[in-house]
Amino acid sequence: MFTIDLTLKNTPFPLSVQRKSAEAAEETYQEIMQAMSSGKPEFIELTCEHQSDKKIGVLTQEISAVMISQKSGAVGAGRTPGFFALAEEQQ
């Protein structure tokens, strides 16, 4: 399972959706990057393949970072996903 984390401006926690394959995760990542670099404020709606009823609508100009990570079963269990996991490990 692959997780795409979005960090929004002035928001302390990431939003995330999941994709089953690396190709689908990369496609979603590129879609978000293209929308961010267009310079036009627009909404992008993302759905989650793990939780099919989960939907996120985001104004692209509010996204400050996007990240793909792979989540395996035992590795990383109990750890916070996203950009803040490293900061938690160092404490």
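The basis for the numbers below is simple: all heavy atoms, side chains too, and nothing from hydrogens, waters or symmetry mates. Sequence positions, counted from 1, serve as the residue numbers for this chain.
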Participant: The test is side-chain contact (heavy atoms from CB on, under 4.5 Å); show your working for K9 and E62 and say whether it passes.
Facilitator: CA-CA 6 Å; K9 297 173 186 174; E62 293 300 314; 4.0 Å; yes
Participant: Please round to the nearest 0.5 Å and tell me the distance separating atom CE of M1 and atom OG of S21.
Facilitator: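 M1 atom CE to S21 atom OG measures 10.0 Å (nearest 0.5 Å).
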Participant: Supply the atom-to-atom distance Q18 CD to T28 OG1, rounded to the nearest 0.5 angstrom.
Facilitator: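 Reported to 0.5 Å precision, the distance equals 12.0 Å.
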Participant: Which atom pair, heavy atoms only, marks the closest approach of A22 to F2?
Facilitator: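 Heavy-atom minimum between the residues: N-CE1, 3.3 Å.
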Participant: How close do S16 and D5 get, heavy atom to heavy atom, and via which atoms?
Facilitator: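 Taking S16 first and D5 second, the nearest heavy atoms are CB-OD1, 3.1 Å.
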Participant: Keeping T7 on the side-chain end and S64 on the backbone end, is there a donor-acceptor pair under 3.5 Å?
Facilitator: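 No.
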Participant: Under the side-chain contact (heavy atoms from CB on, under 4.5 Å) test against E31, which residue among V66, I4, I44 passes?
Facilitator: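 Answer to the side-chain contact (heavy atoms from CB on, under 4.5 Å) test with E31 among V66, I4, I44: I44.
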Participant: Can L59 be reached from Y29 by stepping across I, L, V, M, F, W or Y side chains whose heavy atoms are under 4.5 Å apart?
Facilitator: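 As far as the 4.5 Å side-chain criterion goes, L59 and Y29 are not connected within one cluster.
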Participant: Take atom CD of Q34 as the centre, draw a 6.0 Å sphere, and report whether it contains more than 12 heavy atoms from other residues, nucleotides or ligands.
Facilitator: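 Count not over threshold, so no.
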Participant: What's the separation between atom CD in E42 and atom CD in Q61, rounded to the nearest 0.5 Å?
Facilitator: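 With rounding to 0.5 Å, CD (E42) is 10.0 Å from CD (Q61).
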Participant: Within a 6.0 Å radius of atom CD on E27, are there more than 12 heavy atoms belonging to other residues, nucleotides or ligands?
Facilitator: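 Check fails, neighbour count at 12 or below.
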Participant: Would you find more than 12 non-hydrogen atoms of other residues, nucleotides or ligands less than 6.0 Å from K20 atom NZ?
Facilitator: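 For K20, atom NZ is not crowded (no more than 12 foreign heavy atoms under 6.0 Å).
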Participant: Would L15 and L46 count as a side-chain contact (heavy atoms from CB on, under 4.5 Å) if you check the C-alpha gap in whole Å, the side-chain angles of each, and the deciding distance to 0.1 Å?
Facilitator: CA-CA 10 Å; L15 301 175; L46 302 170; over 6 Å; no
Participant: Tell me the closest heavy-atom pair linking T47 and R19, and the distance in Å.
Facilitator: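 Shortest heavy-atom contact: O-NH1, 2.6 Å.
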